[in-house]
Enquirer: 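Below: one structure in structure tokens.
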Amino acid sequence: MKHPAKPGLMVTAALLAAVCAGCGDGDGNGDEDTTEPPTPTATGPTRTTPATSPPASEGAATVTVRSSELGRILTDASGRTLYLFEADTSDRSTCSGGCAAAWPPLITSGKPKAGEGVDASKLSTTTRSDGKTEVVYNGHPLYYYVEDDEPGDTEGQGLDQFGAKWYVLDSAGDKITRAEPDDDQETDQEETRPPGY
């Protein structure tokens, strides 16, 4: 004798099939995804690529000056902030491996160009340990910061990572040491002012 299927059992089977269908790695080939996410470290950020990656070097890099909350700072042609690394005591980069993943160098495949506000005589290059050509300004190899999501961001300002501090540069190629204004701190100061101020 044949028993009719029970509706509850059919719903359970359908749900189980749907759950199992979502168990794959998403590429449809049934293999397991063995890629591991970056491991956080005490010396650097966990993100390995910026939300908006620095432009690939398909020609000569351009260095320019743009206004920011820190004053007029060096950026690339797209407005992405450039930094110096205090561990670099000459025009030779000391940032490689994990350091270069967190602080990608400004790479060029030609003589770098001076944009608005930049002194062309201060632009030069250095050859990195991987053979790529990095842009140098006023004796400082130049880097991006992986946590800067948008052009103009300066999230790396004053950070102490990979053995030294990181700073944005002014148009003369000197580090700017002041920190960005802290919105919370400004609000706290306004709230604690006596009446009439």
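Owing to the predicted nature of the structure, the values given are computational and were not obtained by experimental measurement.
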Enquirer: Given the rule in the side chain to side chain contact (heavy atoms under 4.5 Å, CB included) test, do L169 and D174 qualify, once you have shown the distances and angles that lead to the verdict?
Expert: CA-CA 5 Å; L169 299 89; D174 298 321; over 6 Å; no
Enquirer: Please test D170 against L74 for side chain to side chain contact (heavy atoms under 4.5 Å, CB included), starting from the C-alpha separation and ending with a verdict.
Expert: CA-CA 6 Å; D170 63 19; L74 290 186; over 6 Å; no
Enquirer: Would you say V136 ends up clustered with V168 if hydrophobic residues are merged whenever their side chains have heavy atoms under 4.5 Å apart, either directly or through other cluster members?
Expert: no
Enquirer: Any donor and acceptor pair, going by atom type alone, linking the side chain of S78 with main-chain N or O of R80 inside 3.5 Å?
Expert: no
Enquirer: Are T126 and D91 linked by a side-chain donor-acceptor pair shorter than 3.5 Å?
Expert: no
Enquirer: Who passes ring pair (Phe, Tyr, Trp, His ring centres under 6.0 Å) against Y137, sequence neighbours left out?
Expert: none
Enquirer: Which class fits the ring pair F85 and Y143: parallel under 30°, tilted 30 to 60°, perpendicular over 60°?
Expert: perpendicular
Enquirer: Just verifying a value: how many Å separate E69 CD and D153 CG, rounded to the nearest 0.5 Å?
Expert: 10.0 Å
Enquirer: Crowded around K113 NZ? As in, over 12 foreign heavy atoms under 6.0 Å?
Expert: no
Enquirer: What heavy-atom pair brings V146 and P104 nearest, and what distance separates the two atoms?
Expert: N-CD, 4.2 Å
Enquirer: How far does CG of L142 sit from CH2 of W103, to the nearest 0.5 angstrom?
Expert: 12.5 Å
Enquirer: Do you know the tightest heavy-atom contact between G98 and F162?
Expert: O-CZ, 3.7 Å
Enquirer: Is the backbone of T94 close enough, under 3.5 Å, to the side chain of D88 for a donor and an acceptor to pair up by distance?
Expert: yes
Enquirer: Which atom pair, heavy atoms only, marks the closest approach of S124 to P112?
Expert: O-CG, 3.8 Å
Enquirer: Is any side-chain heavy atom of I73 closer than 4.5 Å to one of T81?
Expert: yes
Enquirer: Only pairs at least two apart or in different chains count here, so list each disulfide (SG to SG under 2.5 Å) that has a residue in residues 116-174.
Expert: none
Enquirer: Got a salt bridge between R128 and E134, using NZ or NE/NH1/NH2 to carboxylate O under 4.0 Å?
Expert: yes
Enquirer: Return yes if some donor-acceptor pair links the side-chain N/O of S109 with the main-chain N/O of G59 below 3.5 Å, else return no.
Expert: yes
Enquirer: Side chain of T108, backbone of A61: donor and acceptor closer than 3.5 Å?
Expert: yes
Enquirer: Can you check side chain to side chain donor-acceptor pair (under 3.5 Å) on Y145 and T154, steps first, answer last?
Expert: CA-CA 8 Å; Y145 180 49; T154 56; over 6 Å; no
Enquirer: Ignoring hydrogens, what is the shortest heavy-atom contact between G117 and S171? Give both atom names and the distance.
Expert: O-CB, 3.6 Å
Enquirer: Check R72 against S67 and note the closest heavy-atom contact, atom names and distance.
Expert: NH1-OG, 3.4 Å
Enquirer: For a quick test of reading the model, state the closest non-hydrogen atom pair linking G139 to P141 and the distance between them.
Expert: O-CD, 3.7 Å
Enquirer: When you check the gap from the basic side-chain N to the acidic O, do E116 and R66 get nearer than 4.0 Å?
Expert: no
Enquirer: Who pairs with Y167 by ring pair (Phe, Tyr, Trp, His ring centres under 6.0 Å), at least two apart in sequence or on another chain?
Expert: none
Enquirer: Is there a donor-acceptor pair under 3.5 Å between the side chain of D148 and the backbone N or O of E150?
Expert: no
Enquirer: L123 versus V63: any side-chain heavy-atom pair under 4.5 Å?
Expert: yes
Enquirer: Find out whether D76 and T64 are in side-chain contact, i.e. whether some heavy atom of one side chain is under 4.5 Å from a heavy atom of the other.
Expert: no
Enquirer: So which of H140, E86, Q157 actually passes side-chain hydrogen bond (donor to acceptor under 3.5 Å, both in side chains) with K175?
Expert: E86
